[in-house]
Number of protein chains: 2
Amino acid sequence: MSVQIDALDRKILAALQEDASQSLDEIAKVVGSSKTPVWTRIRKMREAGIIGRQTVLLDAEALGLEACFFVLIRTSEHEADWQQKFLHALQTRPEVLEAHRLAGDIDYILKVRVPNARAYDRFYQALISEVRIHNVTALLSMEEIKSTTLLPIEDGAQENGNAP
Amino acid sequence: MSVQIDALDRKILAALQEDASQSLDEIAKVVGSSKTPVWTRIRKMREAGIIGRQTVLLDAEALGLEACFFVLIRTSEHEADWQQKFLHALQTRPEVLEAHRLAGDIDYILKVRVPNARAYDRFYQALISEVRIHNVTALLSMEEIKSTTLLPIEDGAQENGNAP
DNA sequence: ACGATATATAGGATATTTTCCTGTTTTTGG
DNA sequence: CCAAAAACAGGAAAATATCCTATATATCGT
């Protein structure tokens, strides 16, 4: 096992994802510790990959990205090289913000952010010309009710999935 | 109009969302400017809400959140107070990371992160006991192919949707 | 239960960075 | 083409990150 996360780590993670611009002293005060352990733990969790990218969330509309689509994809092809081409296409296109392979009759779901419906169509045409896809349904978002990167962190007693 | 974003602003935004821990001097060098204009522009874009939360992206699996569902919801009710109750339920539940109101025959889509399938069922039971919902389809993610908060920022010439 | 070793913690010193100020250059409008 | 305004570059003081040292806490074998 790489790193075991304890209650203090979880408090630090919660504070960090809430506001990563806080100083170590502020975080230390919030989590009830001092800056050295907070700093050491952050460094270790960064190295372990528990803490990933430090970023800033931007207003998509202000950047002219006014349309958001969820795309449900069914395919008949499940060969290795088809899948590889498909994955590569998704990963290189910056308008694809999320892509998941699913269980069930729908094979993939994408979240795509584009300036407008025309830009979505361009994306769609480019995608289906690049890889063969059986069936596509696009769901257009009318309203972003909620959008957060804040993961729910259990700060209570540690509930462990498997007994020790 | 609140703030007009120019090419330098876009470069700064791109640098920031790529790595928000960079110093002003580093960003200034990358975007080809000096720290004062970079700092002023960041401050203004923060105030204008173009730049939102500064955060850190965490590894959900490392935190024990191993299951991700996309939930497609159809409802027959479209009255104001039903909708308000529904929105409130979504916004207060931390396992709901995204919620969109859609155009078309599916009314809402949610993205839900939970420790496991049992936790999803608890969430689902709690939700349908709180608000009346006509039809629900849960899509289980088997693999997160891509997940990014990096919005595509056109750093070329400024393409404007409406003519001046 | 006790002591020896390992580990975590608190607070302080230095290097870096943010924040703001001052003088200069560039752009804009008449 | 000149005046007014805006943006810019670099520098100084305050705040912060990073690392060090000493102290406290926990762990393990006997």
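Proteins come first, then strands; the chains are lettered A, B, ... in the order of their sequence lines, and each starts at number 1. Both backbone and side-chain heavy atoms feed into the values below; hydrogens, waters and symmetry mates do not. Not measured: the values here are computed from a predicted model.
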J.: May I ask you to say what B/I42 touches in the nucleic acid, namely base, sugar-phosphate or nothing, with a heavy-atom cut-off under 4.0 Å?
T.: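 Since no nucleic acid heavy atom lies under 4.0 Å of B/I42, the category is nothing.
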
J.: Taking the nucleotide of DNA chain D with the nearest heavy atom to each, does A/T36 or B/K44 sit closer to the 5' end?
T.: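 Its nearest nucleotide lies further toward 5', so the answer is B/K44.
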
J.: Separation of A/K11 atom NZ from C/dA8 atom P, in whole Å?
T.: 17 Å

J.: Taking B/L127's backbone N and O only, do any of them form a donor-acceptor pair with B/E130's side chain (distance below 3.5 Å, no angle check)?
T.: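 Here the side-chain-to-backbone pair does not exist.
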
J.: Scan A/S23 against the nucleic acid and name what it touches under 4.0 Å (heavy atoms): base, sugar-phosphate only, or nothing.
T.: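 Sugar-phosphate: the residue A/S23, judged by heavy atoms under 4.0 Å, touches backbone atoms but no base.
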
J.: C/dA10, C/dA13, D/dG10: which one has an atom nearest the side-chain heavy atoms of A/K35?
T.: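 Ranking C/dA10, C/dA13, D/dG10 by closest atom to the A/K35 side chain puts C/dA13 first.
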
J.: Looking at D/dA7, I'd like to know if its phosphate oxygens (OP1 or OP2) sit under 4.0 Å from a side-chain N or O belonging to B/T40.
T.: no

J.: Heavy atoms under 4.0 Å, any strand shown: does B/I27 hit a base, just sugar-phosphate, or nothing?
T.: nothing

J.: Tell me if the aromatic rings of B/Y108 and B/F86 count as close, with their centers under 6.0 Å from one another.
T.: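 Aromatic pair counts; centres sit under 6.0 Å.
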
J.: Determine yes or no for a side-chain-to-main-chain donor-acceptor pair under 3.5 angstrom, with A/R53 supplying the side chain and B/E18 the backbone.
T.: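 A pair under 3.5 Å: yes.
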
J.: Between atom CD in A/Q4 and atom C1' in C/dA8, what is the gap in whole Å?
T.: 16 Å

J.: Between C/dT27 atom C1' and B/L8 atom CG, what is the distance in whole Å?
T.: 15 Å

J.: Round to a whole Å and report the spacing from CG of B/L16 to C1' of C/dT18.
T.: 14 Å

J.: Ignoring hydrogens and geometry, is there a side-chain-to-backbone donor-acceptor pair from B/K146 to A/V96 under 3.5 Å?
T.: yes

J.: Check the phosphate of C/dA10 against A/S33, side-chain N and O only, distance under 4.0 Å to OP1 or OP2. Yes or no?
T.: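 For C/dA10, OP1/OP2 do have a side-chain N/O of A/S33 under 4.0 Å.
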
J.: Look at all strands and tell whether B/E26 reaches a base, only sugar-phosphate, or nothing, counting heavy atoms closer than 4.0 Å.
T.: nothing

J.: D/dA17, OP1 or OP2 - any side-chain N/O from A/R43 closer than 4.0 Å?
T.: no

J.: I need the CH2-C1' distance between A/W39 and C/dA13, as an integer number of Å.
T.: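 So the two atoms are 14 Å apart, to the nearest Å.
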
J.: Nearest whole angstrom, please: distance from the P of C/dA15 to the CG of B/D25.
T.: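 Rounded to whole Å, this separation is 18 Å.
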
J.: Starting at atom CG of B/D6, determine the distance to atom P of D/dA6, rounded to an integer number of angstrom.
T.: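 Distance, rounded to whole Å: 15 Å.
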
J.: Ring of A/W39, cation from A/R41 - is the NZ or CZ under 6.0 Å from the centre and inside 45° of the axis?
T.: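 No, cation not above the ring by the 6.0 Å, 45° rule.
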
J.: Write down the distance between NZ (B/K29) and P (D/dA9), rounded to a whole number of angstrom.
T.: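 Rounded to whole Å, this separation is 15 Å.
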
J.: Would one find a side-chain N or O of A/R41 under 4.0 angstrom from OP1 or OP2 of C/dA8?
T.: no

